[in-house]
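Here is the structure we will look at, set down as C-alpha cells.
Within every chain, numbering begins at 1; the chains are lettered A, B, ... in the order of the sequence lines, protein sequences first and strands thereafter. Keep in mind that what you see is a predicted model, and the values were worked out from it rather than measured.
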Number of protein chains: 2
Amino acid sequence: MNAKDGPLGRDEAEEYASWFKALADATRIQIVSLLARRRAPMSVGEIVAASGVGQSTVSHHLKILADVRFVLVERQGTSAFYRINDACVTCFPTAADVVMGNPAPETPVCE
Amino acid sequence: MNAKDGPLGRDEAEEYASWFKALADATRIQIVSLLARRRAPMSVGEIVAASGVGQSTVSHHLKILADVRFVLVERQGTSAFYRINDACVTCFPTAADVVMGNPAPETPVCE
DNA sequence: ATCGAAAATCGACGATAATCGATTAATCTT
DNA sequence: AAGATTAATCGATTATCGTCGATTTTCGAT
C-alpha cells in the first residue's frame, strides 16, 4: 500500500543501513539487552562492570546507540544514566520494511 | 514469556549481530530492495546494471545475503538468478526481539 | 580553590570490510 | 574444439570500525 515503486535511492539505502549498523555489533547487542533486562536506567559504570569491556569503549557504543535514539541519556551530577527507548525500539525498521519499501525512519527522529 | 533472564551471552549476541550485519550496508539494501520490487528473479548481470557497482562487488554482496538465506539462488546455464527469500525475511530478527530476549534464529537455518 | 569521581574525547593500532580490476571456472553456441 | 558469455574467485587497495590507554571535561565534595 505504501510500498515504493522506484528502486531505492542511495540516500534512502544509507538511512536504512545506518539503522541496522547500530545493532550490527555484538557488544552493542549486549549493552542493549542488558539495559532491557534491568528495566531501570543504568550508569555507565554499571554497564562497564557488567559488560567486561573498557570504559571508553562502552561510552563509544552508548553514543552510537544514542545517536539513533535507541537509548536515552539522563545526566545527574557526574553520572550519566542510560535506558532503552521503548518508542524507538518499535520504530526500528524490520527486514520486511526494507523489502516492502516502507519509508525508512530518518535516523534522529524517534521519540 | 520466552524472554530470557540472564544477560545475553557473547555467543548469542554475535548471532544477533551477524543478522543485522547482513543489512548494515547501503549496497546490500539496494540489492535487496531491487529484488523485492521486481518480484521475479534477477540475474547477476541485471543487478549489476541496475545497481551501478562492479560485477565482482555485486557477486560478493549476493554471497553475503545468500549466506544468511536472505536471498536464494538458482543457476541456469551460465547465469545465476537471485530472488528474495520471503520465509527468511519474516524470520529476520527485529529490534524488539533483541530487547525482549527472543532467541536469535541461528544464522543459516532459514528456509 | 583543590581534590576526587565519572564519563566523554582523543590518538593510535589492529582487524574487518567494501571495492575494484584481473583472472579463473562453468556453460552455451557454433 | 574454439570462442563467447556469465558469474565466482583472487589479490590488492582503501576505508571503516572496534578496542584500548591516556587525557580532558564536568561536577560534586571538602
Side-chain angles (χ1 to χ4, degrees), chain A residues 8 10-11 13-35 40-68 70-83 107, chain B residues 8 10-11 13-35 40-68 70-83 107:
Chain A
L8 219 58
R10 188 75 188 179
D11 292 347
E14 305 250 20
E15 279 178 28
Y16 265 127
S18 72
W19 280 101
F20 288 103
K21 271 190 237 249
L23 291 187
D25 176 81
T27 302
R28 284 196 290 275
I29 297 263
Q30 283 189 297
I31 290 174
V32 163
S33 91
L34 194 61
L35 290 172
M42 293 178 70
S43 73
V44 176
E46 293 178 277
I47 300 172
V48 169
S51 70
V53 296
Q55 179 264 319
S56 62
T57 303
V58 168
S59 186
H60 171 236
H61 286 305
L62 285 170
K63 176 166 169 41
I64 292 174
L65 291 168
D67 281 347
V68 296
F70 202 89
V71 299
L72 299 176
V73 211
E74 190 162 356
R75 300 179 196 275
Q76 284 182 27
T78 86
S79 297
F81 291 93
Y82 286 84
R83 66 178 198 275
T107 312
Chain B
L8 219 59
R10 189 73 186 184
D11 291 348
E14 305 250 19
E15 279 176 29
Y16 265 127
S18 71
W19 279 102
F20 289 104
K21 271 191 239 255
L23 291 187
D25 177 84
T27 302
R28 285 196 289 276
I29 295 266
Q30 282 189 297
I31 291 175
V32 163
S33 92
L34 195 60
L35 291 171
M42 294 178 71
S43 74
V44 175
E46 293 178 278
I47 300 172
V48 169
S51 70
V53 298
Q55 179 264 319
S56 62
T57 303
V58 167
S59 186
H60 171 238
H61 286 304
L62 285 171
K63 176 165 170 39
I64 291 174
L65 291 168
D67 281 347
V68 297
F70 203 89
V71 299
L72 299 176
V73 211
E74 192 161 357
R75 299 176 197 279
Q76 284 182 27
T78 87
S79 297
F81 292 93
Y82 285 83
R83 66 176 198 277
T107 312

5' precedence on DNA chain D between G77(A) and K21(A) (nearest-nucleotide basis): K21(A)

Integer-rounded Å distance: dT6(D) C1' and M42(B) CE: 15 Å

Backbone N/O of G45(A) and side chain of Q55(A): donor-acceptor pair under 3.5 Å: no

Atom-to-atom span, CZ of F81(B) to C1' of dT5(D) - whole angstrom: 13 Å

Whole-Å gap separating P (dA7(C)) and CD (Q76(A)): 11 Å

Interatomic distance where CD1 belongs to I47(B) and C1' belongs to dA7(D) [whole Å]: 11 Å

Value in whole Å for how far the C1' atom of dA8(C) lies from CG of D67(A): 13 Å

Along DNA chain D (nearest heavy atom to each residue), the more 5'-positioned of V73(B) and R28(A): V73(B)

Any Y82(B) side-chain N or O less than 4.0 Å from OP1/OP2 of dA8(D): yes

OP1 or OP2 of dA7(C) under 4.0 Å from side-chain N/O of S43(A): yes

d(CG, D25(B); P, dT14(D)) in whole Å: 20 Å

T57(B) side, atom OG1; L62(B) side, atom CG - distance, nearest 0.5 Å: 11.0 Å

pair Y82(A)-I31(A): side-chain heavy atoms closer than 4.5 Å: no

DNA chain D contacts made by residues 53-61 of chain A, counting heavy atoms under 4.0 Å: V53(A), G54(A), S56(A), T57(A), H60(A), H61(A)

Phosphate OP1/OP2 of dA6(C) contacted by R75(A) side-chain N/O (<4.0 Å): no

Contact check, side chains of I47(B) and L35(B), non-hydrogen atoms, under 4.5 Å: yes

Within-4.5 Å side-chain heavy-atom neighbours: L34(B) and L8(A): no

Shortest side-chain distance from K63(A), nucleotide among dT9(C), dA8(C), dG18(D): dT9(C)

Q30(A) backbone acceptor or donor facing R10(B) side chain under 3.5 Å: no

Spacing of F81(A) atom CZ and E46(A) atom CD [to the nearest 0.5 Å]: 6.5 Å

Between dG18(D) (P) and L65(A) (CG): distance, integer Å: 10 Å

Proximity to the side chain of R10(B) - top-ranked nucleotide from dT5(D), dT19(D), dA7(D): dT19(D)

Selection from dG18(D), dA17(C), dA8(D) that lies nearest to any side-chain heavy atom of I64(A): dG18(D)

Contact under 4.0 Å: T27(B) side-chain N or O vs dT19(C) OP1/OP2: yes

E74(A) CD to dA8(C) P, straight-line distance once rounded to whole Å: 14 Å

